[in-house]
Amino acid sequence: MIYKKIQEKWNKKWQDAKLFEATPIKGKKKFFGTFPYPYVNSYLHLGHFYSSMRLEALSRFKRMTGHNVLYAQAWHATGSPIVNAANRVKEKEKKQISILKMQGFSDEQIKKFEDPVEWVKFFPTEAQNDFNDMGYSIDWRRQFFTTDLNPHYDKFIRWQFNKLKEKNLVIKGKFPVIWCSKENNAIGDHSRLEGEGETPKDFIWIKYRMKDSDLILMTGTTRPDAVLATTHIWIDPKGDYVVVKVGDEKWVVGENVVQKIKDQYDSKVEIIRKIKPKEIIGKWCEAPLVEYEVYTVPAWFIDADVGSGIVYSALEDPVDLVEIQHIQADLNLLKDYDLDLEVIKKLKPISIIKVEGMSDNLGQDMIDKYKITSPKESEKVKNAKDELNKTIFRKGILKNNCGKYSGMEVPKAQELIKKDLIKSNDGAMFYEMTGKVVCRCLTPGIVKMVEDQWFLAYGDEKWTKQAHDCLDQMKLYPEKTRQQFNYVLDWLRNWACTREVGLGTRLPWDEKWLIESLSDSTIYMAFYTLYYKIKDVNPELLNDNFFDYVLLGKNVEVKVDKKLAEELRDEFEYWYPMDFRNTGKDLIQNHMSFAIFNHTAIFPKKHWPKSYGLNGHVMVDGVKMSKSKGNFITMRQAQKDYGADASRFTALSGGEGIDDANFDRDLAKSIILKLQSMLDFAKEYYNKGRKEKLGIDKWMDDKIDAIVKETASYYNETLFRSAIQISYFDMQNALKWYLRRCVNNPNLETINKFIETQTLLLAPITPFVCEEIWEILGKKDFVAVASWPKIKEIKIDNSEDFVKSTMEDIFSVLNLVKVKPKKISLFISPKWKYDLYKIIKKELEKTRDFKVIMGKVMQNSDMKKHSKEVMKIIQKTVKTGIDNVSSQEKEFKVIKESVDFFKQEFKANINVIKAEESKENKAQQASPGKVAILVE
RNA sequence: GCGGAGUUGCCGGAGCGGUCAAACGGGAUAGGCUUAGGACCUAUUAGCUUAGUGCUUACGCAGGUUCGAAUCCUGCACUCCGCACCA
């Protein structure tokens, strides 16, 4: 493999020359780009590769266009996955061990992974090798990893949080999470065996105070609006209920939901006694928000374990309605209970919601629609309920009998009613999971209210406004991600920023908490500008004053050497703000938005990020990359299989913008060969060729310049796929045509220009082969720091297109006649047609009306002679429009000069004649830009 | 449900009102080169028609605006991404 040798050679040379170590140069424009530090629990894969390549290629391009470029890279170890994985290794969990074995780790190394610290030591080094092998132009002096394992970084994060706290942006509160009671930890999506995407959902419990008693019946619901239509209470006659003491109150709930109260509401809840349902059935309760009392009725269809174990009934609900109708039809069902049947008989729906197109009895409408005849048709009943709830939520308006809620849309009313109930102590917030969740340790998840939690106040109005200000001044690649960002900035609410387990930095003022991983990674790009100069400084000296001095320019006392502090301040001021940060689109809704928020909170406006790049996900051969599909490719694997250059080329040509990118392995293979032949071509053709300059050489020179210009504009817009399209494929095609046209006898100057230019244009993409070529060309410096080619102004000349289309026309004629031609006559259009075209072209700018143009043309006496043909031409050109019109003389000259080329192509004699000078009928068919062809 | 992005030929994908049967890449077919294969080069790759520049049908579906629409507008269908405490 030739590329292996080339890679090693140039990697060493770059390193020896310290080519990518970036230091401030006064007065030189800078470019500071970053790629979010990867989490170091495994080798890097193609996803990392693709996203980071966009920064890497852009950095190289910027270097060639006169920028002082800083590209630094660090590693993220904050959070729990590493600790969890290490624990699993310790427990010798099979799945975890096999994952590591599959990655080729020895038993000895796996043993070492029992210690989380080993991961943090091991993977960054490996990742650095991967980046290096791929030819990344990173300043490695500045690399670091996160957490308190790195005391310098630890100090930085502490400073950051102190700053946020000062500004009241870190606040305390509580919030519900899905929890594993065995591991005593929240169960994130990644650690779930079952139930990905399930979240806690509001499920308010409403208090119905029993009359002549201090007991309160707790009824759970997702539809607090229906409380306005309460008709009665349902209770499971066979259920196990208890009375519990919550604060000063006595609640009646299902026995099995007590734990829920403990987890979510009050950890000190006490069971006072069991209570038989019969004690409750047939009693009256006060209904909140409405001014009447409701009766408790037995229900066989409710479950004491669900929700609170008791529900209130609003007979607009098809479930409730069909049940009560069932009971009313056969009151015998209630004979075991001491009930006032008159009350039962009178129960009927109270209409509180208007839905366009439905009657007042919403429940009945649904029962009729689903043709439900008995409560036993549970499938139908459930569907009817779901549909009604959806309809009400979307279209329902509260009627005039709803007091202050009258006229409100249902979602709004629900929120307000919830608030009001809580405020008047007629309700308590509880949560249910949207679906079943099972922890990796096989324990079913529950909802738990975490107390004492610290939040970043992303919901804060002023802060959100500032974040928008920042976004508004940023450039986004591609721009169409802006909508999504705008939405996210508004949507973000308080973010729980502390954890109890994992690796990380301790919260400075409450050290039982660790700062969570998405929260310690928001402004660390600033740390790149300092780290390489402070890593040997005693971290104890890096107090808040130090960072205030260096990063915020405050003139406060520092413990470090004053000169160093000043230097660092200069360095920070030089590199900041960050010019570009690139990552996958999945980070829009968290990391990238958090970075905006935090920059605006900590830094002055001039240091806010300048631009973001977002890219799609990576597919392999058109299929989403995943371990289970067996198409999971690590960076090192790609490098081994295809080499750095071909991998880089393939990744970047696989897609651009926000679309998913396809890493096509067949393409990667073919690129290896293509790069090899590019190298061979340079060797064979450079500095050889004729001196004489022909029209075709000038065409090629212009073509190259046009490609340079276009490529640069694509690089600037991070459109690397297009850049490759133009600078490689289009340029190769131009070369093919050029060599064909000059019968493989190129002009020396032109061919040199081609080779040099293509090498420069591709250097950001395929740096190794380009360095090698650059050396073969005898250039002394690295192509990596060579200047982007200068171009002269490009003239538009389409005479070459004329030659090409003429050639293609001859081919199509030959295809039809299928004879070996002896002589081919090419007729140039008669003169009058050029005039006609010019007139039409001018008229077309004003009108597309056939008659108007015809009239105008016919004013010219010359055209009258050809009226029939003129008509045809106008008819056609009105539809198609007209390109630039040349002259007969010019077209004649162009074709005449290409005679040698046509001879070579068609192995026949070529005859070029002006139409006027020929007697052939065919000759009259010629038109401007289109010769007539006669094959003999 | 909410928010976003999409739907183009055998496939991937450009195109953003006339120059579009649609760049470029891949595949397929034919020919050249070669001992053969690979690589490379050339032509063809919606249908019909024809010594070429013609007609018809095509750019998710249905309508509309326009002299003219893959491109603009409206409605519909479908696909993908995100919806959090997690990297």
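Hydrogens, waters and symmetry mates are skipped; everything else that's a heavy atom, side chains included, is used.
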Open item on the list: From C-beta outward on A/Arg499, which listed nucleotide comes closest to its side chain: B/A5, B/C85, B/A87?
Closed with: B/C85

Task: A/Ser519: which of A/Phe455, A/Trp454, A/Phe161 passes side chain to side chain contact (heavy atoms under 4.5 Å, CB included) - done: A/Phe161

Task: Euclidean distance, atom CG of residue A/Asn389 to atom P of B/G1 [Å, nearest integer] - done: 15 Å

Task: Any strand: nucleotide that pairs with B/U57 via Watson-Crick or wobble, under 3.5 Å - done: none

Open item on the list: Whole angstroms only, please: what is the OH-P distance between A/Tyr837 and B/U19?
Closed with: 15 Å

- [ ] Please state how far atom CD1 in A/Ile82 lies from atom P in B/C86, giving the value in whole angstrom units.
- [x] 16 Å

Task: Rounded distance in Å - CZ (A/Phe729) to C1' (B/G25) - done: 6 Å

TODO: Searching all strands shown, indicate the nucleotide that pairs with B/G27 (Watson-Crick or G-U wobble; both distances under 3.5 Å).
DONE: B/U45

Open item on the list: Quick check for you: among B/A87, B/G25, B/A51, whose closest atom lies nearest to any side-chain atom of A/Glu516?
Closed with: B/A87

- [ ] Mind running a 4.0 Å heavy-atom check of residues 476-489 of chain A against RNA chain B and sending the residues that fall below it, in number order?
- [x] A/Lys480, A/Gln483, A/Gln484, A/Tyr487

Open item on the list: As a test of reading the structure: which of B/C85, B/G25, B/A51 is closest to the side chain of A/Asn733, going by heavy atoms?
Closed with: B/G25

Task: Pair partner, B/G1 [Watson-Crick or wobble, under 3.5 Å] - done: B/C83

TODO: In whole angstrom, give me the gap between the P atoms of B/G6 and B/C72.
DONE: 11 Å

Task: d(CD, A/Glu656; C1', B/G13) in whole Å - done: 10 Å

Task: Nearest-angstrom distance from the residue atom CG of A/Asp621 to P of B/G27 - done: 13 Å

Open item on the list: Please check this pair: side chain of A/Ser805 against backbone of A/Asp801, looking for a donor-acceptor N/O pair closer than 3.5 Å.
Closed with: yes

- [ ] Compare side-chain N and O positions of A/Lys674 against OP1 and OP2 of B/G26 and report whether any pair is under 4.0 Å apart.
- [x] yes

TODO: Could you tell me whether A/Trp737 and A/Phe901 have their ring centroids closer than 6.0 angstrom?
DONE: yes

Open item on the list: Between A/Gln758 and A/Gln732, do the side chains contain a donor N or O and an acceptor N or O under 3.5 Å apart?
Closed with: yes

Open item on the list: Can you confirm whether the side chains of A/Glu516 and A/Trp495 place a donor and an acceptor under 3.5 Å from each other?
Closed with: yes

Task: Minimum-distance nucleotide (side-chain atoms of A/Trp495 versus B/A84, B/G82, B/A87) - done: B/A84

Open item on the list: Could you tell me how far B/A22 sits from B/U45 if I compare only their P atoms? Round to whole Å.
Closed with: 9 Å

- [ ] Classify the nucleic acid contact of A/Asp664 as base, sugar-phosphate or nothing, counting any heavy atom under 4.0 Å across all strands shown.
- [x] nothing

Open item on the list: Looking at B/G6, which nucleotide sits across from it as a Watson-Crick or G-U wobble partner, both distances under 3.5 angstrom, or is there none?
Closed with: B/C78

- [ ] Determine: side-chain N/O of A/Asn494 to OP1/OP2 of B/A84, distance under 4.0 Å, yes or no.
- [x] no

Open item on the list: Can you confirm if the NZ or CZ of A/Arg581 lies within 45° of the ring axis of A/Tyr612 and under 6.0 Å from the centre of its six-membered ring?
Closed with: no

Task: A/Lys922, nearest nucleotide to its side chain (from B/A51, B/A14, B/A87) - done: B/A51

Task: A/Tyr728: which of A/Phe649, A/Phe720, A/Tyr714 passes ring pair (Phe, Tyr, Trp, His ring centres under 6.0 Å) - done: A/Phe649

Task: Name of the residue among A/Phe123, A/Tyr524, A/Phe145 meeting ring pair (Phe, Tyr, Trp, His ring centres under 6.0 Å) with A/Tyr37 - done: A/Tyr524

Open item on the list: Let's see if you can work this out: which of B/U53, B/A43, B/A51 has an atom nearest to the side-chain heavy atoms of A/Gln925?
Closed with: B/U53

- [ ] Would you mind checking if A/Lys930 and A/Asp809 are paired as a salt bridge, meaning a charged N to carboxylate O distance below 4.0 Å?
- [x] yes

Open item on the list: Can you identify which nucleotide, out of B/A84, B/U42, B/U53, has its nearest atom closest to the A/Lys736 side chain?
Closed with: B/U42

TODO: Please state how far atom CG in A/Asp666 lies from atom P in B/C11, giving the value in whole angstrom units.
DONE: 17 Å

Open item on the list: Once you apply a heavy-atom cut-off of 4.0 Å, does A/Asn744 come out as touching a base, just sugar-phosphate, or nothing?
Closed with: nothing

Task: A/Phe649 CZ to B/C24 C1', straight-line distance once rounded to whole Å - done: 11 Å

Task: Base-pairing mate for B/U66 - Watson-Crick or G-U, with both contacts under 3.5 Å - done: none

Open item on the list: Pairing check on B/U71: which nucleotide meets the Watson-Crick or G-U wobble criteria with it, both distances under 3.5 Å?
Closed with: none

Task: Per A/Lys585 side chain, nearest of listed nucleotides B/A84, B/A43, B/C81 - done: B/C81

Open item on the list: Using a 4.0 Å heavy-atom cut-off, does A/Lys669 contact any base of the nucleic acid, only the sugar-phosphate backbone, or nothing at all?
Closed with: nothing

- [ ] With the side chain of A/Ser80 defined as its heavy atoms from C-beta on, choose the nearest nucleotide among B/A87, B/U42, B/A84.
- [x] B/A87

